[in-house]
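Only one structure is covered here, and it is reproduced in the block below.
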There are 2 protein chains.
Amino acid sequence: MLASHLSQPEFSPRQNAVLDSALRLLVDGGEKALTTAGVARAANCSKESLYKWFGDRDGILSAMIGFQASKVRTFDEGSERLTNESLRAHLVVFARDLLDVLAGDVSLALNRLAIGQASRDGSKLGQMLQEHGRRQIGKRAGALLDAGRRVRLLQFDDGEEAYGTLYGLVVSDLHLRMLLGEDMSRAKQSFSLRAERAVDAFLLLCGSKKDTVKP
Amino acid sequence: MLASHLSQPEFSPRQNAVLDSALRLLVDGGEKALTTAGVARAANCSKESLYKWFGDRDGILSAMIGFQASKVRTFDEGSERLTNESLRAHLVVFARDLLDVLAGDVSLALNRLAIGQASRDGSKLGQMLQEHGRRQIGKRAGALLDAGRRVRLLQFDDGEEAYGTLYGLVVSDLHLRMLLGEDMSRAKQSFSLRAERAVDAFLLLCGSKKDTVKP
DNA sequence: GCAGAACCGTACCGTACGGTACTTAAGTGG
DNA sequence: CCACTTAAGTACCGTACGGTACGGTTCTGC
């Protein structure tokens, strides 16, 4: 069953603390370590309470995703006056934030969890992650891109497609490699450079004709 | 332990048939359905044989990845004379092949399996998939890109980075969405169009200055 | 034809997990 | 002070899985 209305998927502070413990457990030990007894032990609560609050194990997983999504808030850009440089700066900041979010251990653990459950039936977890994760951060990008197009600094037909292009240039196969467990401690330090290069390429593709960054 | 030398990771025909059954089982029911008893039943062999041949469950998983990788052979391009149009055509074919491979159910199932095991210790599975999957198809792309640069149809400094750009433009977040279980039956029919657009964008970025596709 | 290996089918064992029931301590309103 | 509610802690059950052992059958070399 769906976790109530989208406007109020919140839980009590105690339950949030339990979900926090569960997330820590998941990050540390992977899905295999995320047993109901383990969650109860880590959160100093009883299994019976877990089942009363969340229904069953899948309910706990769903609640964890919703809880984590509620923590990551996408602040809207104050729609200042966009110049060529400020647009590029905003895009670079967005790109770096995107890389940082995707490389976060909680994000990686939740994505691994949802992917592991994807092959099963309904499962909803993948859909939830997609909805709360990508849709949110995509909205922020979409607003930024639309603002850029409105002031004629960007040119594209489909906003979704433009966002897909930006996403691909920024992330490439980094996300998958991180999900597969590749060590990214070195690559993380070059996220800023990577973000700049990706944005430059994106502006070359979707920027106004005469406004390329480096002539 | 590693699965013998890289030159001879092959198994007997009977064992290959068992691995084939195991792959089918994995594709149909996900990792949860991939039990030792299930594999034995599906392949009409005994569990004892499984443990004699592959050591333990992880050995079966490793063997499945190696077996699947041995089936997907990357044929080298006959280095014909590249023209502007033939380069673009080759790139489009490569892009479409890449999308088809990533969208294949066996590929998706194995990636889900490796990602699920990534949080655990050593695990090697992610590394194996990376090595056999991406490296192989990346070599094919690298050869194509190098050939294009040699005849001055492409311009880039780092081949790996250029391949990353092409990959990002082609795949974007499609792979992750497929791994999360999103229905792609509709999107599959537009793979060709997607490949063309991605290659056009790539040529705009890395193609020779005056050779853009559509003036 | 026979000895030995390879192998299938099945039964078995220990463990671990999801889920439930029960007991006990702590808070709360009247 | 006393019902009443909430939840912690524990014990328990059924099941399912990884791994092993054993009897029976087919294949192979001599």
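Only heavy atoms go into these numbers, but all of them, side chains included; no hydrogens, no water, no symmetry mates. Chain A is the first sequence line, chain B the second, and so forth, proteins listed ahead of strands; every chain is numbered from 1.
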Sorted by number, residues from residues 26-37 of chain B placing a heavy atom under 4.0 Å from DNA chain D are B/Thr35, B/Thr36
Would you mind reading off the distance between [X] atom [atom1] and [N] atom [atom2], rounded to a whole angstrom?
X: B/Gln117; N: D/dG18; atom1: CD; atom2: P; result: 11 Å
X: B/Arg41; N: D/dA16; atom1: CZ; atom2: P; result: 12 Å
X: A/Ile60; N: C/dG18; atom1: CD1; atom2: P; result: 8 Å
X: A/Leu25; N: C/dC17; atom1: CG; atom2: P; result: 11 Å
X: B/Lys52; N: D/dA21; atom1: NZ; atom2: P; result: 13 Å
X: A/Asp56; N: C/dC17; atom1: CG; atom2: P; result: 17 Å
X: A/Leu50; N: D/dG9; atom1: CG; atom2: C1'; result: 13 Å

B/Asp146 vs B/Arg150, test: salt bridge (Lys or Arg N to Asp or Glu O under 4.0 Å). Steps then yes/no.
CA-CA 6 Å; B/Asp146 276 339; B/Arg150 225 173 294 122; 5.3 Å; no
Anything under 3.5 Å between a donor and an acceptor, one on a side chain of residues 63-71 of chain B, the other on a protein residue two or more places apart or in another chain? List them.
residue: B/Ser70; atom: OG; partner: B/Phe67; partner atom: O; Å: 2.6

Indicate whether OP1 or OP2 belonging to [N] is found under 4.0 Å from a side-chain N or O atom of [X].
X: B/Arg14; N: C/dC8; value: yes
X: A/Ser49; N: D/dA8; value: yes
X: A/Trp53; N: D/dA7; value: yes

TODO: Give the intermediate values and the outcome of salt bridge (Lys or Arg N to Asp or Glu O under 4.0 Å) for residues A/Asp20 and A/Arg24.
DONE: CA-CA 6 Å; A/Asp20 220 12; A/Arg24 282 195 64 86; over 6 Å; no
Atom pairs and distances, side-chain donor-acceptor, residues 28-44 of chain A, under 3.5 Å, sequence neighbours left out:
residue: A/Glu31; atom: OE2; partner: A/Gln117; partner atom: NE2; Å: 2.9
residue: A/Thr35; atom: OG1; partner: A/Gly38; partner atom: N; Å: 2.9

Give me, pair by pair, the N or O atoms of the protein and of nucleotides 9-13 of chain C that are less than 3.5 Å apart, along with how far apart they are.
residue: C/dG9; atom: O6; partner: B/Glu48; partner atom: OE1; Å: 3.4

Donor-acceptor pairs are to be reported for all side-chain atoms of residues 103-113 of chain B against protein atoms at under 3.5 Å, with residues two or more places apart or in another chain.
residue: B/Ser107; atom: OG; partner: B/Val101; partner atom: O; Å: 3.4
residue: B/Ser107; atom: OG; partner: B/Asn111; partner atom: ND2; Å: 3.4
residue: B/Asn111; atom: ND2; partner: B/Ser107; partner atom: O; Å: 2.9
residue: B/Arg112; atom: NE; partner: B/Leu179; partner atom: O; Å: 2.9
residue: B/Arg112; atom: NH2; partner: B/Met178; partner atom: O; Å: 2.9

Sequence neighbours excluded, the answer for side-chain contact (heavy atoms from CB on, under 4.5 Å) partners of B/Glu182 is A/Gln130, B/Arg177, B/Met184
Inspect the surroundings of CG in B/Asp157 and state if more than 12 heavy atoms from other residues, nucleotides or ligands are less than 6.0 Å away. no
Among the nucleotides C/dG19, D/dA7, D/dG19, whichever has the atom closest to the side chain of A/Arg57 is C/dG19
